[in-house]
Number of protein chains: 2
Amino acid sequence: MPYLIVTYDIREERVNKVRKILKKYFMWVQNSVFEGDITEGKLQKCRYELLNTINGEEDSIYFYSLENRLNYRKTVMGVEKELTGNIL
Amino acid sequence: MPYLIVTYDIREERVNKVRKILKKYFMWVQNSVFEGDITEGKLQKCRYELLNTINGEEDSIYFYSLENRLNYRKTVMGVEKELTGNIL
């Protein structure tokens with residue numbers, strides 16, 4: 001299953017909506033970063049919800065898709081957010 | 001050469017310093033995301049500079065290291081920042 005790193009830069013007035021959507025599909029790992037395995041079908045749904053929420057001329061979301069979760073090495077400097085129990 | 005995606009969550013008072021350091025080594029692609037190829041030696045230097053700048057109890061920097069730049073697929077929703085000419 002592909003593993004995604006999702007980063008976003010969203011205007012204040014929409015950022016909570018975007019976070020709520022991303023939180024349904026991914027784990028929240030840093031202020032503006034989510035991660036997780038996702039099926040192609042769920043990713044389509046997620047993208048559809050996001051497209052209906054963001055302003056395409058002001059907001060930005062990047063999807064970095066890796067073949068699987070073994071395909072990268074992550075190192076953390078400073079505080080690391082827990083992968084579970086993220087409260088919005 | 002490894003390809004890195006670097007995301008950060010830094011307190012306001014230190015964020016400009018952190019950006020200036022990252023800008024020397026990577027391309028600035030989104031508000032809190034940098035990307036780029038980097039040698040192991042340069043990465044060590046970059047990490048050393050960052051360690052001397054951040055507060056390890058409040059700030060956070062994630063380094064996602066991929067084997068090379070062909071090892072992921074990036075899709076952008078909304079605005080895409082140019083990979084060159086980022087002005088701090």
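All chains are named by letter (A, B, ...) in the order of the sequence lines, taking the proteins before the strands, and each is independently numbered beginning at 1. All values derive from a computational prediction rather than experimental measurement.
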A side-chain contact here means heavy atoms from C-beta on lying under 4.5 Å apart; do Thr75(B) and Arg47(A) qualify?
yes
Are Asn71(A) and Leu66(B) close enough that some pair of their side-chain heavy atoms sits under 4.5 Å apart?
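With C-beta onward as the side chain, the pair stays apart.
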Assess Lys74(B) against Phe63(A): is NZ or CZ under 6.0 Å from the centre of the six-membered ring, and within 45 degrees of the ring's axis?
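The answer is no, since Lys74(B) fails at least one limit relative to Phe63(A).
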Taking side chain as everything from C-beta outward and backbone as N, CA, C, O, which of these in [X] sits under 4.5 Å from a heavy atom of chain A? Side chain, backbone, both or neither.
X        : answer
Val76(B) : both
Thr7(B)  : both
Leu4(B)  : neither
Asp59(B) : backbone

How many angstroms lie between atom CE of Met77(A) and atom CG of Leu50(B), to the nearest 0.5 angstrom?
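Atom-to-atom, Met77(A):CE and Leu50(B):CG are 5.0 Å apart.
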Quick one: pull up CD1 in Ile5(B) and OH in Tyr72(A) and give me the separation to the nearest 0.5 Å.
10.0 Å
What about Leu51(B) and Val6(B), same hydrophobic cluster or not, with Ile/Leu/Val/Met/Phe/Trp/Tyr joined at side-chain heavy-atom distances under 4.5 Å?
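Linked within one cluster.
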If Ile, Leu, Val, Met, Phe, Trp and Tyr residues are connected whenever their side-chain heavy atoms lie under 4.5 Å apart, and connections chain through other members, are Phe26(B) and Val15(B) in the same group?
yes
Neighbour count above 12 (heavy atom, 6.0 Å) for Glu57(B) CD
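It does not: Glu57(B) CD has 12 such atoms or fewer within range.
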Is it the case that atom CD in Glu58(A) sees more than 12 heavy atoms from other parts of the structure closer than 6.0 Å?
yes
Classify the side-chain pair Tyr64(B)/Glu35(A) by whether it contains a donor and acceptor separated by less than 3.5 Å.
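A donor-acceptor contact under 3.5 Å links the two side chains.
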Heavy-atom closest pair, residues Ser60(B) and Val79(A):
CB-O, 3.0 Å
Taking Val33(B)'s backbone N and O only, do any of them form a donor-acceptor pair with Tyr62(A)'s side chain (distance below 3.5 Å, no angle check)?
no
